[in-house]
Amino acid sequence: MLRHGLITAVFCCLIATVMTITGGGNWAGHLVYSLSIGTVSWLFIDGGRLLISGHRENLWPGWPGGFLLIAAGAAVGFFVGNLIGDALFGAPAFDFLEFKGHKLATGVTITIIATVGMCFFFYSLGKSKHMQSQIDLAQRNATEARLKLLETQLEPHMLFNTLANLRVLITVDPPRAVAMLDRLNSYLRMTLSGSRALSHPLSAEFERLGDYLELMSVRMGERLHYTLDLPEDLRDAPVPPLLLQPLVENSIRHGLEPKVEGGEIVVRARREAGQLVIEVSDTGVGLDAAPPSEGSSFGLEQVRDRLATMYGDRGHMKLAPSPTGGTSATLSFPTPA
């Protein structure tokens, strides 16, 4: 409402300037009358609109209430505003009602045109703002739905891979298969009992990675070593759920498993130039020795899609050979300081 008042004041200044240029007279006098009439009309119409339709700027009364409100606002503004102007300049009361010299007709015409024009402008402004808010809401809903879809696609992918590994382990090492099944049961209970939020703290993501890596440790034994390095000041940083797991799964499946002696996975997080940077590196066979298969491409594309959906051009993923051998995947995206 205050913004409407400021716009009305500017519009009244323009009217006073045009009247001075076209009809002569004192600009200050025209400004006083213009501001008096415009301010009273604005307070009457905008106040009445908010009382009738609520305090949301985009709402205006419909027919016939809206038109009656504008007409009443123009009439009240014309009479009260002119009385205020006459009082300030010491002119006789109701002098503006005289018909001679077309003074009354000119004042009424200008008041009606200005009031209708400003109301139409405010109505269009409010409607545009309301439509933009609806577009933003639809975009947020679409983003949430896309993230949910990506997450529901990712979880079965991880589960199928784990069950396939479990099937092999059952035939060669039943005790380890039982231990792996217990880990899987614990992991799924934690995952499914959690809320389907669009983000959770980075500490929760690292805890979930720890459960998953423990699950894989049952199958790989001493061939798998891992380190999770999360600074204390980044524990509460919000990240999409299951963002890192496809990268860790990719490191195990295409980096460490093809290597006879296995290797190590290191997951580190840091803040760099206002971005949250998370690096998943392994000491596996490397990109050239183990080119990505269809399964790994699925996981990597999921991560890219989720970064693009959540952060747009500000989210990036880089996959490159690690300086010490193996592969390094680096994610960077904005996060609150």
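Because the structure is a prediction, the values reported are computed rather than measured. Throughout, residue positions are numbered sequentially from 1 according to the sequence presented.
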Legend entry - Interatomic spacing from CG in Leu319 to CG in Leu247 - rounded to 0.5 Å: 8.0 Å

Legend entry - 4.5 Å side-chain heavy-atom contact, Leu31 and Cys13: yes

Inset, instruction - Could you pull out the closest heavy-atom pair between Pro240 and Arg306, with the gap in Å? - result: CB-NH2, 3.7 Å

Legend entry - Distance in Å, Glu257 CD paired with Arg253 CZ, rounded so as to fall on 0.5 Å steps: 8.0 Å

Inset, instruction - Give the C-alpha distance, both sets of side-chain angles, the deciding distance and a yes or no for side-chain contact (heavy atoms from CB on, under 4.5 Å) between Thr8 and Leu35. - result: CA-CA 8 Å; Thr8 300; Leu35 283 174; over 6 Å; no

Inset, instruction - Flag the pair Leu202 / Ile278 as yes when at least one side-chain heavy-atom distance between them is below 4.5 Å, and no otherwise. - result: yes

Legend entry - Common cluster, Ile170/Met216, ILVMFWY with side-chain heavy-atom separation under 4.5 Å: yes

Inset, instruction - Assess whether atom CG of Asp236 is packed by more than 12 heavy atoms of other residues, nucleotides or ligands within 6.0 Å. - result: no

Inset, instruction - Find the distance between CD1 (Ile252) and CG (Leu213) and round it off to the nearest 0.5 Å. - result: 5.5 Å

Inset, instruction - Identify, with sequence neighbours excluded, every residue that meets salt bridge (charged side-chain N to carboxylate O under 4.0 Å, His left out) alongside Arg223. - result: none

Inset, instruction - For residues His200 and Ala204, report the shortest heavy-atom separation together with the two atoms involved. - result: ND1-CB, 3.7 Å

Legend entry - Least distance between heavy atoms, Gly221 atom then Arg176 atom: N-NH2, 3.5 Å

Inset, instruction - Could you tell me which residues satisfy side chain to side chain donor-acceptor pair (under 3.5 Å) with Ser251, sequence neighbours excluded, listed by chain and number? - result: Asp282

Inset, instruction - Please check if any side-chain donor atom of Glu272 sits under 3.5 Å from a side-chain acceptor atom of Ser332, or the reverse. - result: no

Inset, instruction - Hey, could you give me the NE2/CZ distance between His316 and Phe333, rounded to the nearest 0.5 Å? - result: 11.5 Å

Legend entry - Residue pair Ser41 / Thr115: nearest heavy atoms and the distance that separates them: OG-OG1, 4.3 Å

Inset, instruction - Compare all side-chain heavy atoms of Thr327 with those of Ser322 and state whether any distance is below 4.5 angstrom. - result: no

Legend entry - For Tyr226, ring pair (Phe, Tyr, Trp, His ring centres under 6.0 Å) partners two or more places apart: none

Inset, instruction - Would you mind telling me which of Leu224, Leu256, Thr227 makes a side chain to side chain contact (heavy atoms under 4.5 Å, CB included) with Glu264? - result: Thr227

Legend entry - Qualifying residue for side chain to side chain contact (heavy atoms under 4.5 Å, CB included) with Phe206, from Leu230, Asp229, Val239: Leu230

Legend entry - Glu261 atom CD, over 12 foreign heavy atoms within 6.0 Å: yes

Legend entry - Same apolar cluster (I L V M F W Y, side chains within < 4.5 Å links), Leu163/Val248: yes

Inset, instruction - Might you work through the side-chain hydrogen bond (donor to acceptor under 3.5 Å, both in side chains) test for Thr335 and Gln275, ending with a clear yes or no? - result: CA-CA 6 Å; Thr335 184; Gln275 295 272 101; over 6 Å; no

Legend entry - Shortest non-hydrogen contact between Leu300 and Met317, atoms and distance: O-CE, 4.0 Å

Legend entry - CZ/Arg268: more than 12 non-hydrogen atoms of other groups inside 6.0 Å: no

Legend entry - Verify same cluster id: Ile37, Val10 (apolar side-chain graph, 4.5 Å): no

Inset, instruction - Please check if Leu234 and Val266 belong to a single hydrophobic cluster, counting links between Ile, Leu, Val, Met, Phe, Trp and Tyr side chain heavy atoms closer than 4.5 Å. - result: no

Inset, instruction - Calculate, to the nearest 0.5 Å, the distance between atoms CG and CE belonging to Leu215 and Met220 respectively. - result: 12.0 Å

Inset, instruction - Could you check Val277, Leu276, Leu244 and say which one makes a side chain to side chain contact (heavy atoms under 4.5 Å, CB included) with Leu331? - result: Leu244

Inset, instruction - Answer yes when Glu205 and Arg208 have at least one side-chain N-carboxylate O distance shorter than 4.0 Å, and no when they do not. - result: no

